[in-house]
Colleague: 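For reference, the structure I am asking about is given below.
For clarity, every value in this text was computed on a predicted model and none was experimentally measured. Just so we're on the same page: letters track the sequence lines, and every chain starts at 1.
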There are 2 protein chains.
Amino acid sequence: MTEKTRRRASSKGKTLDLIRSAGPISRVELAELTGLTQATISTVVRELLADGVISETGRGESTGGKPRMRLEINPASRLAIGVHVGQDYITYVVADLGGTVVGRTRVDGPGDASPITIVGRMSDDIESLIIGLDLDRASIVGMGLAIPGPVDRENGTVRGVPSLAGWSDFPIRKALATSTGLQCEFDNDATAAAIGEYWLGATEGYGTYASVYMGSGIGSGIVIDGTIYHGVSSNVGEIGHTSVDARGLVCPCGNIGCLEMYAGPRAVVEKAADAVANGTLDIPLTGRISVDFAAIGSAAEKGDGAARALIEESAEYLASALVSMVNLLDLQLIVLAGSAFATAGSTYVQIISRILAERTLARGIHGVEVRMSVNGNDAAALGAATLVLQDRLSPRSLRSVTFA
Amino acid sequence: MTEKTRRRASSKGKTLDLIRSAGPISRVELAELTGLTQATISTVVRELLADGVISETGRGESTGGKPRMRLEINPASRLAIGVHVGQDYITYVVADLGGTVVGRTRVDGPGDASPITIVGRMSDDIESLIIGLDLDRASIVGMGLAIPGPVDRENGTVRGVPSLAGWSDFPIRKALATSTGLQCEFDNDATAAAIGEYWLGATEGYGTYASVYMGSGIGSGIVIDGTIYHGVSSNVGEIGHTSVDARGLVCPCGNIGCLEMYAGPRAVVEKAADAVANGTLDIPLTGRISVDFAAIGSAAEKGDGAARALIEESAEYLASALVSMVNLLDLQLIVLAGSAFATAGSTYVQIISRILAERTLARGIHGVEVRMSVNGNDAAALGAATLVLQDRLSPRSLRSVTFA
DNA sequence: CCGGCTTACTTCACTCACTTTATTAAGCCG
DNA sequence: CGGCTTAATAAAGTGAGTGAAGTAAGCCGG
C-alpha cells in the first residue's frame, strides 16, 4: 500500500465496495450508483486495475452502442487473517477480498496463560497457517483481532474482559504486529461481526443495522450509514447489559436486570441445571457453558419441550431488548451471529422476528429483518479479517469522522 | 443565500460554529481547532465577515508579536422562528444566531382543529410576532417546526402522532412554507431540543450525546459526532417505548413494559390520583396531565414525602432506561429538556446522575454527565429555530451523510 | 460494406477547496 | 530604531473532482 492507495481513498473504497457487492458491473453503472461522473470512475477504475484488485471480465450486451465492460473483483489478490479469541477457543481464518474463507483453524482458548505466551502461540499459529496454505505473503494486507469485550482501540489494549483477566493494559496490538510482522487491527467481536456482515454483502441495501453477537456474553455492533459506530470509548453495543427488568436480578456488572442474566447462555444453562435437578429436563450437562448451551439448543430443535421452553424464554428476552434498541435507533435489519446461535439460531430468528413485527413503534412504516449471519461460527474471526480489508481498502467506511 | 454560501459550506459552517461557541476567538485559534491552515481560515473568515454574520471586535494581548484579532458572532444578523406544537400549547420563539430568544409567545394547543385551520392560525401568529417585534424580514432565515412524535421528513408530513390525529399525511411543511413565505424545516421535538442544545453551546466539548425530552410523552434525540441521527425513517430516540420490564404492563403502542407506562407524566399522575384517593397524598388534581404533573413536582420539591416518592420512582425508571441507552451507545452526556422537567428537574438530574454513576458498564472509564437543558420550557421551540439556523449556516452538522 | 446512430469509455482543460511557502503587518523589547 | 516574534494575507501549487469534446465499439439500414 503505497501513498497512491491512500489518496483518493474514499472514492476508491466506495467504488471497490460496489464492485464487490454488485457483482460484475460496468463503469457506467458505477457512475450512476456512486454519483460520480464517468470521467472520475474511469480514472478510479484504472487505478484499481493497476492495483490488481479488480479485472475486466468480458463485455456485456450492447444496448444499441458500445457494450459495457464488465468489472469484477479479483478475490485472491488480497488476503487478510482474522483471529477471534473466544473463551473456549481461538479461531483463525484467512479471508480473501471476496469474503471467502481460504483457510481456518481453531485451537484451545487462552486459559490462564500470560498474554506474552499467547502472543507467541498466536504468531506461531498464524505462521503455520500461512505456510500450510502456501499463501503469497505479499498479498496479505494484515491481521485483525476480535475480542469478547471492551477494547481500547487508541492504545491497542484490552481492558476489563473477564475471560482475559491478565490482559488488561497489555499492548496486545503492538505485540502481535511486531511478532507477526503484519499490520494489526482490532476490535470488539460483536463489532467485528457487524463489519464482517457488511463486507460480505449480507446487509446489501441496508446502510444502517445492528449485529447481535452471542458467544459467552451478548454484545452488539452498530453500523450507521455504512460507518461502524464506536461511541466515545468504544464501549458500545453492550446490549447484554441493557436492563429488561428495572427491578430484576442484580448483574455482576452493577446494573439491574441485565439481559444477560435472563437470556445469556450461562443463564439458560443454569435454568437447565435446575430443570435437570427437578427431573423436568433430561440432558447430560458437562459444566462447560458453551457445550451445555449447544446441547440445550439441539434438544430444543429436536422437539424437547422443556429445552424449547428455555430457548424460547431466552429469545423472548432478547427480543424485548431488541424492540427497545429498534425503537431507539430505528433499525431495519438485525443480524444474529456467534457460536450461541449455531444450534438454535432459526428458533431465535423466528421468535425475534415475530416479536419485532408485533411491538416496534415504526412497524406500520417499515418492518425489521432478522437474519442469521451468513458466516456462522466464524463470524467474529471473519469479521476481524474484514476489519483489515475494510481499513486498507475502503477506509471511509470504517472510521467514524470526528467532528471538530 | 447565493451559490457562494453553499460552496465551502462545511468549513464555513464549522468555523462559524466555533466562533459562536468558543466566544471571541482569533483566526490562529480557529486554525488550530479546525485543523485547517491559517490561510484557509483567513479566506473563510473574510467570507463570513462579508456575509455580516461575524465581526472583528478589537485585538487580543500580544504574546510577543502581532496581536490576534478577536472575531465574534453578530447575533442579530440572522434570525429564525421556532414553533413547538405541544399537546396543550403552541410555543413560538424568535431566536438569533447567538441562541438568544428575541421574542416568544404561547397560545392554546391545536385541539381538534383541522390542520388547514392550524396552519392559518400559525402563520397569523408568526406574522404578528414579526410585526410586534419589528423584525427585519431580510434577516429571517426561515422557520422550524417541532412536533411531539414521528415525522416523515422526506415528505414533510406528520404520521401517527396521537395528539395530532387529523394531521396524518397532511403536507404541513409545504403548507406552512407557502403561507408564511419562509423556508420551513421540521423534526421531532426531542430531536429539535437536542440540536438546540448543541447550537447553544451547552454540549460544548461533547460531539456525541442524547437529549431526553419529556413533555406529554418521553422522547430522545441522539447526536453522534456532531451529526443528528435520524435512523432509517426518522423514528428514532423513542426511549419512552423502550421496555423497562419485559413482563410488565402492556403499552398502547403494542410493546410491553414501556418506560412511559412507569415514568411518564401520565403514569405519575395516575399513581398520584390513587394516592389521593387513599389519602396518602394531598394535592388538588385537575385532570390535566401537564398541570397535575407540575403540581406533583413542586410538592416533591417542597418536601412532600409521598409526592417525592412518586417523582423518585419516575426518575429511577427513567434512569434504568438511560443506563441501557448509555451501555448501548457509550454516551458521555445526557441533557434533560421539556416542560415535564420544569418543576422537579433537579431531582431527576440528581437521581439519574447517581444511578448512571453506579450502573453503567463504562463507569470505570468515563462518567456520564446529566444536565438540565439551558433552554427550559422553550427547548423544543428554540430547537426548532436552531434547526433552521443549523441548516442554513452549518449544513454539515445537520444532515447525516448517506452512504452509497 | 459503409456511413450513421447509439452507447461506453477516455482525454483534457478547468474548478474548487484546500495546502505550502513567502510576504506584509503589527506589536514588544533592548 | 532595528531585531524579534507572532498574525494575517497573498501567491503559487495540488489533488479530487467536473464538463465537454473526442475516440472506440457495437448495431442497423440502405
Colleague: Output yes when a side-chain donor or acceptor of A/D330 lies under 3.5 Å from a complementary backbone atom of B/N235, and no otherwise.
Modeller: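 Here the side-chain-to-backbone pair exists.
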Colleague: Looking at every non-hydrogen atom in both residues, tell me the closest pair between B/P75 and B/I73 and how far apart they are.
Modeller: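 Nearest heavy atoms, B/P75 then B/I73: CD-O, 3.1 Å.
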Colleague: Return the value, rounded to whole Å, for the distance between atom CD of A/E56 and atom C1' of D/dA24.
Modeller: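 After rounding, the gap between these two atoms is 13 Å.
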Colleague: At under 4.0 Å between heavy atoms, what does A/L36 touch on the DNA or RNA strands: base, sugar-phosphate, or nothing?
Modeller: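 Sugar-phosphate, backbone atoms only, no base.
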Colleague: Expressed as a whole number of angstroms, how long is the span from B/R59:CZ to C/dA26:C1'?
Modeller: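 Value for this atom pair: 8 Å.
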Colleague: I want to verify a distance call: between C/dC9, C/dG27, C/dT11, whose nearest atom is closest to the A/R27 side chain?
Modeller: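 Selected nucleotide (nearest to the side chain): C/dC9.
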Colleague: Considering only C/dT11, D/dA8, D/dG26, which nucleotide approaches the side chain of B/Q38 most closely?
Modeller: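 Comparing C/dT11, D/dA8, D/dG26 against the side chain of B/Q38, the answer is D/dA8.
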Colleague: Are any side-chain N or O atoms of A/D152 and backbone N or O atoms of A/G156, one a donor and one an acceptor, separated by less than 3.5 Å?
Modeller: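 No; judged by distance alone, with no hydrogens or angles, the pair does not exist.
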Colleague: Take B/V45 and A/A39, find for each the nucleotide of DNA chain D with the closest heavy atom, and name the residue whose nucleotide sits nearer the 5' end.
Modeller: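 Residue closer to the 5' terminus by nearest nucleotide: B/V45.
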Colleague: C/dA8, C/dC18, C/dG27: which one has an atom nearest the side-chain heavy atoms of A/R68?
Modeller: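 Shortest atom-to-atom distance from the side chain points to C/dA8.
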Colleague: Return no unless some side-chain N or O of B/T40 is found under 4.0 Å from OP1 or OP2 of C/dC18.
Modeller: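 Result: no.
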Colleague: Take atom CZ of A/R70 and atom P of C/dA8, then tell me their distance rounded to the nearest Å.
Modeller: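 Whole-Å distance recorded here is 14 Å.
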Colleague: Reckon A/R46 has a side-chain N or O less than 4.0 Å from the OP1 or OP2 of C/dT11?
Modeller: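 Yes.
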Colleague: Separation of B/I54 atom CD1 from D/dA8 atom P, in whole Å?
Modeller: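 Between P of D/dA8 and CD1 of B/I54: 12 Å.
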Colleague: Using only atom types and a distance under 3.5 Å, with no angle test, would you say the side chain of A/S21 pairs donor to acceptor with the backbone of A/D17?
Modeller: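 Checking the backbone N and O of A/D17 against the side chain of A/S21, a donor-acceptor pair under 3.5 Å is found.
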Colleague: Does OP1 or OP2 of D/dT18 have a side-chain N or O of A/T37 closer than 4.0 Å?
Modeller: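 Checking D/dT18 against A/T37, a side-chain N or O does come within under 4.0 Å of OP1 or OP2.
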Colleague: Using atom NZ of B/K12 as one end and atom P of C/dC18 as the other, report the distance to the nearest whole Å.
Modeller: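 Rounding to the nearest Å, NZ of B/K12 and P of C/dC18 are 12 Å apart.
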Colleague: If C/dG30 has a Watson-Crick or G-U wobble mate with both distances under 3.5 Å, name it; if not, just say none.
Modeller: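 Partner of C/dG30: D/dC1.
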Colleague: Is any side-chain nitrogen or oxygen of B/S11 closer than 4.0 Å to OP1 or OP2 of C/dC18?
Modeller: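 So the side chain of B/S11 is within the cut-off, an N or O lying under 4.0 Å from OP1 or OP2 of C/dC18.
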Colleague: Within a strict 4.5 Å, meaning less than it, do heavy atoms of the B/T37 and B/I41 side chains meet?
Modeller: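 No, their side chains stay 4.5 Å or more apart.
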Colleague: Whole Å only: how far is the CE atom of B/M69 from the C1' atom of C/dT24?
Modeller: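 Those two atoms, CE and C1', are 15 Å apart.
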Colleague: For A/T63, answer base if it contacts any base atom (sugar-phosphate contacts may also be present), sugar-phosphate if it contacts only those atoms, and nothing otherwise; contact means non-hydrogen atoms under 4.0 Å.
Modeller: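 A/T63: backbone/sugar contact only, no base atoms under 4.0 Å.
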Colleague: State which of C/dT11, C/dC9, D/dA8 makes the closest approach to the side chain of A/K66.
Modeller: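 Among the listed nucleotides, the one closest to the side chain of A/K66 is C/dC9.
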Colleague: With the side chain of B/V28 defined as its heavy atoms from C-beta on, choose the nearest nucleotide among C/dG27, C/dT10, D/dA7.
Modeller: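 Of C/dG27, C/dT10, D/dA7, D/dA7 is nearest to the side chain of B/V28.
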